[in-house]
Number of protein chains: 2
Amino acid sequence: MNIGDVAQRSGLPAKTIRYYEEIGLIRPQRGENGYRRFREQDLHKLAFLGRARALGFTIEDCRTLIALYEDESRESGQVKRVAEEHLHQIDDKIAQLQSMRATLAELVSCCAGDDRPDCPILEDLAQDVPEEAVGASEGVR
Amino acid sequence: MNIGDVAQRSGLPAKTIRYYEEIGLIRPQRGENGYRRFREQDLHKLAFLGRARALGFTIEDCRTLIALYEDESRESGQVKRVAEEHLHQIDDKIAQLQSMRATLAELVSCCAGDDRPDCPILEDLAQDVPEEAVGASEGVR
DNA sequence: TGTGGGGCCTCCAGTCACTGGAAGGTCAAG
DNA sequence: CTTGACCTTCCAGTGACTGGAGGCCCCACA
């Protein structure tokens, strides 16, 4: 199979597949013409990667997961630990977004949204910083 | 005020403040020694930026919001539109993360997490792609 | 046998919003 | 006069791609 075929069948863009080779996630063979030649097992791995990425695992997680997948003597506890760690990060992210969402929704609901200049959204953003809050805004990304 | 003072009082790292100058969000004056000299209005603007960024607005949104803030003849509808657009993007993001979370939590709960190699998480990731689903995985980032 | 078009190759640059670090100038206290 | 904190610029790296230029390769059709 050429890259176009695996792109089609895995759902990943050809560019992404080349990138995965570049960072050592896959090692397709090469034909005499220099074209990448993919076997079924390469496709399988790409599909694995596509699903792991769709679940939000980082590339480094994917590397770990594939290594575990190929390791017959793995312990499922290792896999579970990676997944749980990721789950916690997702939970943190959701919590952070929900907090933003709450504030933002409140502001939006207070804004008339008409042709007058008065706007509670801008007023909120322009508040003075309370003096004692200095240096207290860590951990926001 | 020097950059260290505004960093302290705005809660933004000095590096970030220099970056904001570089991309034209702020224009502090300069002293004879080459140091940036910040006035209260610069600090105010940085605090505005810090809060807008904490709500997840992009830098480009911030540019727009500051321009609107400084425009006496703005219409609050313009501000509201920017905020609503952003709110929708947050909602999309939350929905996407919750969907990932659901799948992942299910997989984690199915995994024994012991010293045996059998692992439903890996099994799920390694599933074959159904033939008819080819090309149907758009919109996942 | 030539030609056209699509697929493939590599390499480079850009994304977003910073962040880290090196090399060096400035300032105030002791 | 030295020390150390603070400031400066410039360059490179982050994550995970994505876009584009410039150029080969291959196959079908005339």
Side-chain angles (χ1 to χ4, degrees), chain A residues 1-38 42 46 48-66 86 89-90 93 96 100 137-141, chain B residues 1-38 42 46 48-66 86 89-90 93 96 100 137-141:
Chain A
M1 278 180 287
N2 283 344
I3 200 167
D5 305 314
V6 273
Q8 181 83 16
R9 292 181 57 190
S10 69
L12 296 171
K15 276 269 182 190
T16 299
I17 296 172
R18 288 194 196 101
Y19 172 69
Y20 286 171
E21 181 189 19
E22 190 186 319
I23 62 173
L25 278 178
I26 51 166
R27 294 189 194 289
Q29 301 179 310
R30 293 283 177 145
E32 289 182 4
N33 53 12
Y35 286 18
R36 289 166 183 83
R37 254 184 18 214
F38 297 84
D42 295 315
L46 286 169
F48 185 107
L49 287 168
R51 258 188 306 277
R53 291 285 303 125
L55 285 180
F57 285 104
T58 65
I59 291 286
E60 285 316 300
D61 284 342
C62 290
R63 224 185 272 282
T64 306
L65 289 172
I66 283 196
H86 179 44
Q89 290 188 9
I90 288 178
K93 191 88 201 183
Q96 195 196 341
M100 282 181 188
S137 63
E138 306 304 314
V140 178
R141 279 290 96 71
Chain B
M1 278 180 288
N2 283 343
I3 199 167
D5 305 314
V6 272
Q8 181 82 15
R9 292 181 57 189
S10 69
L12 295 171
K15 275 273 185 190
T16 299
I17 297 172
R18 288 194 197 98
Y19 172 69
Y20 286 173
E21 181 188 19
E22 190 186 321
I23 63 174
L25 278 178
I26 51 166
R27 296 190 194 286
Q29 300 178 312
R30 294 284 176 144
E32 288 182 6
N33 54 12
Y35 286 17
R36 287 167 185 84
R37 253 181 23 212
F38 297 84
D42 295 314
L46 285 169
F48 185 106
L49 286 167
R51 258 187 306 277
R53 292 285 302 128
L55 285 180
F57 285 104
T58 64
I59 291 287
E60 284 317 301
D61 283 343
C62 290
R63 225 185 271 281
T64 306
L65 290 172
I66 284 197
H86 179 43
Q89 290 189 10
I90 288 180
K93 191 88 201 181
Q96 195 196 341
M100 284 181 187
S137 64
E138 305 303 316
V140 180
R141 280 288 97 73

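Residue numbering restarts at 1 for every chain, and letters A, B, ... go by the order of the sequence lines.
Using a 4.0 Å heavy-atom cutoff across all strands shown, I23(A) reaches no nucleic acid atom at all.
Note: Q29(B) CD to D42(B) CG = 7.5 Å, rounded to the nearest 0.5 Å.
Rounded to whole Å, atom C1' of dT10(C) lies 10 Å from atom CD of E22(A). For the pair R18(B) CZ and dC10(D) P, the interatomic distance rounds to 12 Å; values are reported in whole Å. Distance R37(B) CZ to dT8(D) P: 12 Å, rounded to the nearest Å. As a whole-Å value, the separation of M1(A) CE from dG7(C) P is 17 Å. Counting to the nearest Å, the P atom of dG6(C) and the CD1 atom of I3(A) are 19 Å from each other. dA12(D) atom P lies 18 Å from atom OH of Y19(B), rounded to whole Å. The nearest whole Å value for the distance from the CD1 atom in I17(B) to the P atom in dA17(C) is 17 Å. We find that CD of Q8(A) is positioned 16 Å from C1' of dC8(C), with the value rounded to whole Å.
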Contacts table for residues 17-25 of chain A: side-chain donor-acceptor under 3.5 angstrom, sequence neighbours left out:
{"residue": "E21(A)", "atom": "OE1", "partner": "R30(A)", "partner atom": "NH2", "Å": "3.3"}
{"residue": "E21(A)", "atom": "OE1", "partner": "R36(A)", "partner atom": "NE", "Å": "2.5"}
{"residue": "E21(A)", "atom": "OE1", "partner": "R36(A)", "partner atom": "NH2", "Å": "3.1"}
{"residue": "E21(A)", "atom": "OE2", "partner": "R30(A)", "partner atom": "NH2", "Å": "3.4"}

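Considering all non-hydrogen atoms of both residues, R53(B) and C62(B) come closest at CD-SG, 3.9 Å. The shortest non-hydrogen separation linking P13(B) to A7(B) is C-CB, 4.4 Å. Here the closest heavy-atom approach between residue F38(B) and residue I3(B) is recorded as CE1-CA, 3.6 Å. Closest approach of I90(B) and L55(B) over heavy atoms only: CD1-O, 4.0 Å.
Of the possible donor and acceptor atoms, none in the side chain of N2(B) sits under 3.5 Å from a partner among the backbone N and O of G4(B). Not a single donor-acceptor pair under 3.5 Å links the side chain of T16(B) to the backbone N or O of L12(B). A donor-acceptor contact shorter than 3.5 Å is absent between the side chain of H86(B) and the backbone of D61(B).
Proximity of R36(B) to the phosphate of dT9(D): a side-chain N or O atom is located under 4.0 Å from OP1 or OP2. Contact between the side-chain N/O atoms of R53(B) and the OP1/OP2 oxygens of dC18(C) is found at a separation under 4.0 Å. Taking 4.0 angstrom as the limit, T16(A) places a side-chain polar atom (N or O) nearer than this to OP1 or OP2 of dT18(D). Phosphate contact (OP1/OP2 of dA16(D), side-chain N/O of Y20(A), threshold under 4.0 Å): absent.
Listed in residue order, the members of residues 24-35 of chain B having a heavy atom less than 4.0 Å from DNA chain C are N33(B), Y35(B).
The nucleotide whose nearest atom lies closest to any side-chain atom of K15(A) is, among dT18(D), dC18(C), dG20(D), dG20(D).
Taking the screw axis at each terminus of the helix from dT1(C)-dA30(D) to dG30(C)-dC1(D) from five consecutive base pairs, the angle between the two is 30° to within rounding of 10 degrees.
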